> 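I am attaching a structure below and will ask some questions about it afterwards.
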Protein chains: 2
Amino acid sequence: MQEICAEAGMSPGNLYRYFPSKEALIIGISERNRADAMESFAAAESDPNFFRGLENLARHHLVERTAQEVGLCAEIMAETRRNPEIARVYQAIETELRARLVALLKSASERGEILSDLDFDSAVSALMVLADGMSWRRAVDPNFDPEVVLPLILHMVHCVLTEPPRAQAALPEKSS
Amino acid sequence: MQEICAEAGMSPGNLYRYFPSKEALIIGISERNRADAMESFAAAESDPNFFRGLENLARHHLVERTAQEVGLCAEIMAETRRNPEIARVYQAIETELRARLVALLKSASERGEILSDLDFDSAVSALMVLADGMSWRRAVDPNFDPEVVLPLILHMVHCVLTEPPRAQAALPEKSS
DNA sequence: TTTAATTGAGCGAACGTTCATTCTTATTTA
DNA sequence: TAAATAAGAATGAACGTTCGCTCAATTAAA
């Protein structure tokens with residue numbers, strides 16, 4: 001809260017005129033992030049090129065964000081594990097996000113840009129793995145350069161969405 | 001600390017006989033994780049099939065772990081952002097891990113299992129993105145099933161390591 | 001002058017931590 | 001063998017600090 005006060009250029013007392021609690025403040029920030037994400041989705045959905053739309057989406061949320069914003073997101077994610085109410089809100093947002101991503105994939109598959117017989121839910125889960133991973137790398141590793149890694153990530157996304165899954169070679173596992 | 005005490009079946013006082021501080025305790029847990037990871041690496045390195053070795057590594061660290069272990073890792077990662085000493089230790093571990101991964105990739109590329117003209121550092125960064133992403137999804141999303149998503153992740157890894165990067169189509173960006 | 005905006009010292013609760021105390025186990029003495 | 005003693009393991013109430021939060025007091029705007 002001290003940090004947030006400093007960042008907002010406000011005393012704690014004044015900050016509490018705008019938000020009744022830390023929880024409400026976090027939910028407010030989450031809401032802002034949600035709105036921002038949904039705006040980006042609108043842009044991505046209106047792009048006739050699915051992969052370009054997705055790249056812009058990724059750029060906006062994983063590269064262009066300031067270190068501070070990324071840090072704040074990390075903090076909220078961690079808070080999720082402590083505060084059940086925040087966890088609820090967070091999951092509601094993620095549910096909406098998933099639906100939006102699934103829709104994006106479906107329309108792309110209808111246009112033939114990606115596989116048609118895709119397990120959309122799993123694919124979206126994989127995308128979210130990538131997003132969270134990028135976010136946390138940024139939050140935790142000062143040497144991490146999203147600009148360098150993003151092309152690889154996009155390459156991976158392209159593969160998983162356009163190439164049929166390899167027949168999982170059921171090689172006998174080497175037990176450790 | 002309460003949770004850790006409960007988990008350890010110990011009173012706080014007794015726990016402090018084994019660790020001089022919460023910081024030391026966290027560093028101890030990190031050290032245990034590090035040792036475990038290094039053991040897994042040894043197994044992966046001795047597997048003649050790179051991808052099978054990597055899959056076992058991933059399975060061990062991202063699927064087989066209990067929800068509790070995953071949660072603990074998440075907590076430590078979050079702590080990293082607050083406690084500089086823990087951040088230092090964490091980064092030291094990650095540096096070692098990176099080196100180990102780079103070595104793994106290099107030997108695989110020498111055996112012709114993956115691309116030879118790979119930017120190993122970036123590839124490892126991408127792998128760590130995937131690992132952190134899987135970890136955090138598990139920590140934050142109760143509906144996340146690593147068993148379902150892992151095949152997709154492995155597919156992606158296979159692509160990025162064996163297929164030369166697409167010439168990044170420098171399409172004009174659609175500004176939001 | 002009234003109203004709204006803003007402050008920051010300070011509150012209670014929760015945190016990480018400590019320590020006087022009790023319980024257990026091992027060792028010595030009778 | 002049983003009692004006495006010493007040592008180690010474990011406890012949990014309590015400590016000081018930090019956290020989220022409040023409110024009497026002050027400043028700025030209407």
Side-chain angles (χ1 to χ4, degrees), chain A residues 1-36 65-94 135-136 139-140 142, chain B residues 1-35 66-94 135-136 139-140 142:
Chain A
M1 292 303 280
Q2 289 169 245
E3 282 175 48
I4 289 173
C5 287
E7 179 58 31
M10 262 185 201
S11 64
N14 201 36
L15 196 126
Y16 273 84
R17 293 200 335 119
Y18 300 98
F19 295 95
S21 67
K22 179 189 166 187
E23 185 180 292
L25 172 62
I26 291 175
I27 291 173
I29 294 169
S30 300
E31 180 49 38
R32 195 182 60 180
N33 289 349
R34 193 196 63 83
D36 180 50
R65 279 199 172 164
T66 64
Q68 203 189 101
E69 289 171 311
V70 169
L72 200 53
C73 268
E75 225 67 63
I76 290 176
M77 228 163 145
E79 194 74 10
T80 280
R81 293 183 44 75
R82 271 171 226 116
N83 186 328
E85 176 58 18
I86 291 176
R88 245 201 66 257
V89 171
Y90 188 83
Q91 273 173 46
I93 292 175
E94 292 223 322
S135 231
W136 271 98
V140 148
Chain B
M1 292 304 281
Q2 289 168 243
E3 283 176 45
I4 290 173
C5 287
E7 180 58 29
M10 264 185 199
S11 64
N14 200 37
L15 195 117
Y16 274 84
R17 294 202 330 119
Y18 299 97
F19 295 94
S21 67
K22 179 188 165 188
E23 185 180 291
L25 172 61
I26 290 174
I27 290 173
I29 294 169
S30 301
E31 180 51 36
R32 194 182 61 180
N33 289 349
R34 193 195 64 82
T66 66
Q68 201 189 105
E69 288 171 312
V70 170
L72 200 54
C73 267
E75 225 65 66
I76 290 175
M77 227 161 145
E79 194 73 12
T80 280
R81 294 183 43 74
R82 273 173 224 116
N83 187 327
E85 176 60 17
I86 291 176
R88 246 201 64 256
V89 171
Y90 188 82
Q91 274 172 46
I93 292 174
E94 292 226 321
S135 231
W136 271 99
V140 147

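Hydrogens, waters and symmetry mates are skipped; everything else that's a heavy atom, side chains included, is used. Keep in mind the model is a prediction, meaning the values are calculated, not measured. Sequence lines set the chain letters: A, B, ... in the order given, protein chains first and strands last, and positions in each chain run from 1.
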> Expressed as a whole number of angstroms, how long is the span from A/I86:CD1 to D/dG20:C1'?
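Checked: the CD1 to C1' distance equals 12 Å.
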
> Starting from C1' on D/dC21, measure out to CD1 on A/I26 and report it in whole angstrom.
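Nearest whole value for this atom pair: 14 Å.
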
> To the nearest angstrom, how far is A/I4 atom CD1 from D/dC19 atom P?
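It is 12 Å, rounded to the nearest whole Å.
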
> Roughly, in whole Å, what's the span from CD in A/Q2 to P in D/dC21?
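In whole Å, D/dC21 P lies 13 Å from A/Q2 CD.
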
> How long is the line joining CD of A/E3 and C1' of D/dG20, in whole Å?
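One finds 14 Å between C1' of D/dG20 and CD of A/E3, rounded.
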
> For residues B/M10 and B/R17, determine if any side-chain heavy atom of one lies less than 4.5 Å from a side-chain heavy atom of the other.
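The answer is no; the side chains never approach within 4.5 Å.
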
> Over how many whole Å does the gap from A/N83 atom CG to D/dG20 atom P extend?
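Computing the A/N83:CG to D/dG20:P distance gives 12 Å.
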
> Is there a side-chain contact between A/R34 and A/V89 (heavy atoms, below 4.5 Å)?
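Not touching, per the 4.5 Å side-chain cut-off.
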
> For the CD atom on A/E31, are there more than 12 heavy atoms of other groups (residues, nucleotides or ligands in this structure) within a distance under 6.0 Å?
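Buried by this count: over 12 neighbours within 6.0 Å.
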
> Locate the shortest heavy-atom distance separating A/Q91 from B/P142; write the atom from each residue and the value.
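For A/Q91 and B/P142, the tightest heavy-atom pair comes out as NE2-CD, 3.5 Å.
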
> Tell me, do A/M77 and A/S135 make a side-chain contact under 4.5 Å, heavy atoms counted?
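A/M77 does not reach A/S135 side chain to side chain.
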
> In residues 7-21 of chain A, which ones come under 4.0 Å of DNA chain D, going by heavy atoms?
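Within residues 7-21 of chain A, the residues near DNA chain D are A/P12, A/G13, A/Y16, A/S21.
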
> In the 5'-to-3' direction, what one-character label does each nucleotide of nucleotides 24-30 of chain D receive under the scheme B = base within less than 4.0 Å of a protein heavy atom, S = sugar-phosphate only, - = no such atom?
-------

> Can you check the B/M1 CE to C/dA13 P distance for me, whole Å?
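Atom CE in B/M1 sits about 23 Å away from atom P in C/dA13.
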
> Could you state the interatomic distance from CD (B/E75) to CD1 (B/I4), rounded to the nearest 0.5 Å?
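That separation rounds to 8.5 Å.
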
> Closest approach of B/A74 and B/A139, non-hydrogen atoms and distance?
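Answer, listing the atom of B/A74 first, then B/A139: CB-CB, 3.9 Å.
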
> B/E85 versus B/I27: any side-chain heavy-atom pair under 4.5 Å?
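Touching, per the 4.5 Å side-chain cut-off.
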
> Could you state the CZ-P distance from A/R82 to C/dA14, rounded to the nearest angstrom?
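After rounding, the gap between these two atoms is 15 Å.
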
> Using a 4.5 Å cut-off on heavy atoms from C-beta on, say whether the side chain of B/M1 contacts that of B/L25.
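Side-chain contact under 4.5 Å: yes.
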
